Colleague: 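Structure provided below as structure tokens; questions to follow.
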Amino acid sequence: MSQEPVPARSPSVLSVPAPSPSLRPPEHPCPARDHGADIRPLMASFPSGVGVVTAYAEDGSPWGMTCTSLCGVSLDPPVVLVCLGTASHTLKAVRSSGSFALNLLHAQGRRTAELFASGAPDRFDRVNWRGGAGTAGPHLTEDARAVADCSVVGEQVVGDHAVVLGEVSAVRTVGRQPPLLYGLRRFSVWPHVGEAAQPFHDVVG
């Protein structure tokens, strides 16, 4: 994907009343907020499932990017949340189409996760996918464990990412392999059922 920035939406202009003469600024205003903290080590300590968000551009071309910043928001209505870089063409396609597909990858989908994180322009030529009527975005039929078709119901730009809310219209279970995970800057898979069955208090003592 190109790193060319996508123009941000113009903010609304608000009319703010002048402060009352009786209000004076504090003698010791709060210091400016430090925006220099690097939160990547923090988020690396929070393993997540791995998804590929896909959408169709205005000309019908497919776009997609790997996303680990995602979660469920509401059961009624069914809403999920994904965070996409503001400079991505995938976000531009999501905005223009008003919809997207969330492909949750299975344990054998690491190659596809790396491919869609690389920005390779031929990414859709190197995977099997299905589109057409009834799909909100391309379905990665061989690499996804489940796919959700979503309609955009909200968006909020925060820094260099856009938080996109999508109402789920359909969920398709594609495979039964365990899900792909990402954390501590590496890929992993869901533990064996025998390991997952251990009581939580045994782990923490």
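If you're wondering where the values come from, they're calculated on a predicted model, not measured in any experiment.
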Colleague: Does any N or O in the side chain of N103 come within less than 3.5 Å of the main-chain N or O of A148, such that one atom is a donor and the other an acceptor?
Modeller: no
Colleague: Taking only residues two or more places apart in sequence, or in another chain, which ones meet S151 in a side chain to side chain contact (heavy atoms under 4.5 Å, CB included)?
Modeller: none
Colleague: Sequence neighbours left out, what pairs pass side chain to side chain donor-acceptor pair (under 3.5 Å) with at least one residue falling in residues 130-146?
Modeller: Y56-T135, T112-D143, N128-E142, R130-H139, H139-D149
Colleague: Mark yes or no for whether S61, through its side chain, and A57, through its backbone, hold a donor-acceptor pair below 3.5 Å.
Modeller: no
Colleague: For A120, does its backbone N or O pair with a side-chain atom of R123 as donor and acceptor, under 3.5 Å?
Modeller: yes
Colleague: Honestly curious: do V147 and V80 fall in one hydrophobic cluster under the side-chain, below-4.5 Å linking rule?
Modeller: no
Colleague: Specify the closest pair of heavy atoms between A55 and P138, including all atoms of both residues, with the distance to one decimal.
Modeller: N-CD, 3.8 Å
Colleague: Less than 4.5 Å apart, any side-chain heavy atom of L91 and any of V164?
Modeller: yes
Colleague: Looking only at atom types and distance, does a side-chain atom of T86 sit under 3.5 Å from a main-chain N or O of A162, one as donor and one as acceptor?
Modeller: no
Colleague: Could you tell me whether the side chain of S69 and the main chain of V82 form a donor-acceptor pair under 3.5 Å?
Modeller: no
Colleague: Show me the pairs that pass salt bridge (Lys or Arg N to Asp or Glu O under 4.0 Å) and involve residues 103-119, at least two apart or across chains.
Modeller: R110-E114
Colleague: Check whether any side-chain heavy atom of C67 sits under 4.5 Å from a side-chain heavy atom of V52, and report yes or no.
Modeller: no
Colleague: Could you tell me if the side chain of T54 sits less than 4.5 Å from the side chain of F100, heavy atoms only?
Modeller: no
Colleague: Are L165 and V152 side-chain neighbours, meaning at least one heavy-atom pair lies under 4.5 Å?
Modeller: no
Colleague: Is there a continuous path of hydrophobic side-chain contacts, each under 4.5 Å between heavy atoms, that joins V127 to L180?
Modeller: yes
Colleague: Could you walk me through whether V94 and L84 pass side chain to side chain contact (heavy atoms under 4.5 Å, CB included), step by step?
Modeller: CA-CA 10 Å; V94 170; L84 307 176; 4.2 Å; yes
Colleague: How far apart are the closest heavy atoms of G85 and H161, and which atoms are they?
Modeller: N-CD2, 3.5 Å
Colleague: So, for V189 and A107, which heavy atoms are closest and what is the spacing to 0.1 Å?
Modeller: CG1-CB, 3.4 Å
Colleague: Any idea which heavy atoms bring V50 and A113 closest together, and the distance?
Modeller: CG1-CB, 3.9 Å
Colleague: Side chains of P62 and W129: closer than 4.5 Å at any heavy-atom pair?
Modeller: yes
